[in-house]
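Let me begin by presenting the structure, written as structure tokens, before commenting on it.
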Amino acid sequence: MNSQRNYQPSYSRLIRFFGIVSIAIFLITWTIDLTGLTYPCPYCRTQRTIIGILGLILLMTSRLHPLLTKYIVTVLGGYGFVVAAMQHFMGWDDIYEGVYKFGNGGPWFFDEMLLSGGAMFVIVAQVFTTLLLTTNCNKRPI
């Protein structure tokens with residue numbers, strides 16, 4: 001007889017890695033900003049701060065109250081996503097006006113459209129992951 005085990009993979013290492021990478025993004029980008037290597041953009045500062053806070057919450061999900069965690073993550077994630085979407089839309093507005101310059105004359109990885117688009121993806125992934133972790137309080141992988 002072929003017996004099947006009820007196997008549920010544990011994603012705790014991957015989730016911790018995602019939280020640590022989020023905090024690393026937060027620290028590296030704030031370091032770049034505070035050393036003056038880039039323009040002090042309020043949109044970027046908001047996005048990187050939200051990514052850092054959500055990364056910290058992602059690491060501490062098992063120690064926080066699930067309902068409070070869902071509320072805080074949804075509010076902060078929504079705020080960060082709206083700011084990133086506004087910055088991204090301003091880039092599209094520049095494209096339609098014909099004044100957009102890819103990378104603003106600097107390296108391509110400092111392009112506001114790419115960074116704000118990436119921030120939207122990261123913030124949504126953080127919110128989605130945290131909400132999945134807090135959905136079933138008794139069976140959290142962390």
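- The side-chain contact (heavy atoms from CB on, under 4.5 Å) search around L114 returns F102, W108, D111, not counting sequence neighbours.
- Listed by chain and number, the residues in a side chain to side chain donor-acceptor pair (under 3.5 Å) with S22 are Q126 (sequence neighbours excluded).
- In this structure, CD1 in I53 is found 10.5 Å from CD1 in I23, a value given to the nearest 0.5 Å.
- Applying the salt bridge (charged side-chain N to carboxylate O under 4.0 Å, His left out) definition to pairs two or more places apart or across chains, none involves residues 120-130.
- Here the closest non-hydrogen pair linking A125 and F18 is CB-CZ, 3.8 Å.
- For D33, the salt bridge (charged side-chain N to carboxylate O under 4.0 Å, His left out) partners at least two apart in sequence or on another chain are R45, R48.
- Sequence neighbours left out, the pairs with a member in residues 81-93 that pass side-chain hydrogen bond (donor to acceptor under 3.5 Å, both in side chains) are Q47-Q87, H88-W92, H88-S116.
- Residues Y43 and E112 fail the side-chain proximity criterion, which asks for heavy atoms closer than 4.5 Å.
- Applying the salt bridge (charged side-chain N to carboxylate O under 4.0 Å, His left out) test to every pair with at least one member in residues 120-133, sequence neighbours left out, gives no pairs at all.
- By the side-chain contact (heavy atoms from CB on, under 4.5 Å) test, V124 is found to be paired with F81, residues two or more places apart in sequence or in another chain being considered.
- Sequence neighbours left out, not one pair with a member in residues 78-87 passes salt bridge (charged side-chain N to carboxylate O under 4.0 Å, His left out).
- Legend: residues meeting side-chain contact (heavy atoms from CB on, under 4.5 Å) with L68, ordered by chain and number and at least two apart, are H65, I72.
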Would you sort out whether L76 and L54 count as a side-chain contact (heavy atoms from CB on, under 4.5 Å), showing the intermediate values? CA-CA 8 Å; L76 290 177; L54 292 179; 4.3 Å; yes

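- To the nearest 0.5 Å, atoms CE (M60) and OG1 (T130) are separated by 11.5 Å.
- Atom CD1 of I51 and atom CG of L56 lie 14.0 Å apart (nearest 0.5 Å).
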From CA spacing to verdict: side-chain contact (heavy atoms from CB on, under 4.5 Å), L133, L58: CA-CA 9 Å; L133 289 175; L58 193 57; 4.0 Å; yes

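- Both I25 and L34 belong to a single network of hydrophobic side chains, linked directly or stepwise wherever heavy atoms of I, L, V, M, F, W or Y lie under 4.5 Å apart.
- With sequence neighbours excluded, no residue satisfies side-chain contact (heavy atoms from CB on, under 4.5 Å) with L115.
- There is no path of hydrophobic side-chain contacts, each under 4.5 Å, that joins F89 to V122.
- Applying the side chain to side chain donor-acceptor pair (under 3.5 Å) test to T49 and every residue at least two apart in sequence or in another chain returns W30.
- Taking CD1 of I50 as the reference point, atom CZ of F26 lies at 10.5 Å (rounded to 0.5 Å).
- Listed by chain and number, the hydrophobic cluster partners of L37 are I28, I32, where partners are ILVMFWY side chains within reach of under 4.5 Å, directly or through others.
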Could you check M113 against Y100 for side-chain contact (heavy atoms from CB on, under 4.5 Å), going step by step and ending with a plain yes or no? CA-CA 10 Å; M113 291 272 295; Y100 179 74; 3.4 Å; yes

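- The shortest heavy-atom contact between M120 and A84 is CG-CB, 3.4 Å.
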For L131 and T74, run side-chain contact (heavy atoms from CB on, under 4.5 Å): C-alpha distance rounded to whole Å, both residues' side-chain angles, the deciding distance at 0.1 Å, then the answer. CA-CA 8 Å; L131 291 179; T74 304; 4.0 Å; yes

